[in-house]
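Here is the structure we will look at.
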Amino acid sequence: MFGVVGCILCVVGSVGIVLHAPKEREINSVGEIWHFATQPGFIVYSCVAVVGALFLIFWAVKRSGHRKMLVYIAICSLMGSLTVISVKAVAIALKLSFSESNQFIYVQTWFFIFVVIICCLVQLNYLNKALDSFNTAVVSPVYYVMFTILTILANMIMYKDWVSQSATQIATQLC
């Protein structure tokens, strides 16, 4: 019964997020993404995510990782939120490089590629540990929800999405 209710809530939540998502702004260079990524709010979020993941990796995993699924899932989700931001930057760099101007001459592009590689490796490692230690039917939905929440939060902080949204849209996304 909990699985059915959980799936319904995930679908309803996903539909709500899609219906009330802010318009995506057009980005014309990796430099623009770099500008957003180096704003104080996102730097604080990134530091909290990395320090939180490192704390979980070096302290919580040893103490309770084999008993508490959320330890592994939190590591994956924190790194996943940074992965999504970086993958978007790399995708924009590829798109712009193929169409008009080479974005791979900028060090920022390579920084984002480095972040993607490191975060993906950490995610895969701890997701595999979670799947090896716990039931897949439980790991998958919890990971989906936590990853989605943290990714939306990271995007809202980085792109300051709440500035162009009404109170109703913000409340709907939070729900």
Side-chain angles (χ1 to χ4, degrees), residues 1-22 24 30 33-34 36-38 41-95 108-159 161 173-175:
M1 185 63 183
F2 284 122
V4 172
V5 172
C7 287
I8 291 170
L9 287 174
C10 284
V11 170
V12 169
S14 297
V15 169
I17 288 170
V18 169
L19 290 176
H20 297 284
E24 191 170 338
V30 173
I33 295 179
W34 185 257
F36 290 122
T38 55
F42 189 71
I43 289 175
V44 168
Y45 174 81
S46 298
C47 289
V48 168
V50 170
V51 168
L54 290 172
F55 170 78
L56 291 169
I57 290 168
F58 292 112
W59 188 78
V61 165
K62 292 177 185 172
R63 294 185 183 264
S64 58
H66 60 283
R67 291 175 307 175
K68 296 183 180 168
M69 170 187 65
L70 282 178
V71 173
Y72 293 139
I73 300 297
I75 294 168
C76 294
S77 299
L78 286 167
M79 292 293 98
S81 68
L82 298 176
T83 302
V84 169
I85 297 291
S86 298
V87 165
K88 183 174 182 175
V90 173
I92 288 170
L94 282 169
K95 180 183 87 170
Q108 293 93 338
T109 304
W110 294 102
F111 175 80
F112 286 123
I113 291 171
F114 176 75
V115 170
V116 167
I117 292 168
I118 296 301
C119 289
C120 281
L121 290 174
V122 172
Q123 271 183 273
L124 288 173
N125 181 38
Y126 286 98
L127 184 57
N128 281 331
K129 286 182 181 190
L131 292 170
D132 286 344
S133 303
F134 304 99
N135 186 344
T136 303
V138 177
V139 170
S140 296
V142 172
Y143 175 57
Y144 169 75
V145 170
M146 189 178 280
F147 172 80
T148 303
I149 289 170
L150 290 174
T151 300
I152 290 170
L153 179 65
N155 275 290
M156 286 180 74
I157 292 170
M158 183 168 163
Y159 295 109
D161 286 340
Q173 281 189 336
L174 291 175
C175 287

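Since the structure is predicted, the reported quantities are computational estimates derived from the model, not experimental observations.
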Exercise. Got a second to check how far K68's NZ is from L56's CG, nearest 0.5 Å?
Worked result: 11.5 Å
Problem set entry | Heavy atoms from other residues, nucleotides or ligands near CZ of F111 exceed 12 (cutoff 6.0 Å) | no
Exercise. CD1/I157 to CZ/F36 distance, rounded to the nearest 0.5 angstrom?
Worked result: 14.5 Å
Seminar exercise, completed: dist C119:SG -> I85:CD1 (nearest 0.5 Å) comes out at 11.0 Å
For this session: Mark yes or no for whether N125, through its side chain, and L121, through its backbone, hold a donor-acceptor pair below 3.5 Å.
Result: no
Exercise. Think K88 forms a cation-pi with Y159, using NZ or CZ under 6.0 Å from the six-ring centre and within 45 degrees of its axis?
Worked result: yes
Seminar exercise, completed: On a heavy-atom basis, the closest approach of G52 and L78 is C-CD1, 4.1 Å
Exercise. Does a side-chain heavy-atom distance below 4.5 Å link T109 with V90?
Worked result: no
Exercise. Can you check side-chain contact (heavy atoms from CB on, under 4.5 Å) on L127 and V139, steps first, answer last?
Worked result: CA-CA 9 Å; L127 184 57; V139 170; 4.2 Å; yes
For this session: Looking only at non-hydrogen atoms, find the nearest pair between Y143 and Q123 and report the distance.
Result: OH-NE2, 2.9 Å
Problem set entry | Note, I33 side chain near F112 side chain (heavy atom, < 4.5 Å) | yes
Exercise. Counting N and O atoms only, with roles assigned by atom type, does the side chain of S86 sit under 3.5 Å from a partner on the main chain of T83, one being a donor and the other an acceptor?
Worked result: no
Exercise. Yes or no on side-chain contact (heavy atoms from CB on, under 4.5 Å) for V61 and I75, after CA distance, side-chain angles and deciding distance?
Worked result: CA-CA 10 Å; V61 165; I75 294 168; 3.7 Å; yes
For this session: Would you please classify the geometry between the F55 ring and the W59 ring as parallel, tilted or perpendicular, with 30° and 60° separating the classes?
Result: parallel
Seminar exercise, completed: Closest heavy-atom pair, L150 versus S77, reported as atoms and distance to 0.1 Å, is CD1-CB, 3.6 Å
Problem set entry | Note, V122 side chain near I57 side chain (heavy atom, < 4.5 Å) | yes
Seminar exercise, completed: CG of N128 to OH of Y72, rounded to nearest 0.5 Å, is 11.5 Å
Problem set entry | V30 versus A89, closest heavy-atom pair with distance | CG2-O, 4.1 Å
Exercise. Roughly how far apart are T38 OG1 and M158 CE, rounded to 0.5 Å?
Worked result: 8.5 Å
Problem set entry | Step-by-step side-chain contact (heavy atoms from CB on, under 4.5 Å) determination, I73 to Y126 | CA-CA 7 Å; I73 300 297; Y126 286 98; over 6 Å; no
Problem set entry | Rounded distance (nearest 0.5 Å) linking atom CG of L131 with atom CE of M69 | 10.5 Å
Seminar exercise, completed: Closest non-hydrogen atoms of F147 and S81, given as atom of the first, atom of the second and distance, are CE1-N, 4.3 Å
Problem set entry | Heavy-atom side-chain proximity of M79 to I118 below 4.5 angstrom | no
Problem set entry | Closest contact, heavy atoms only, S64 versus V71 | OG-CG2, 4.0 Å
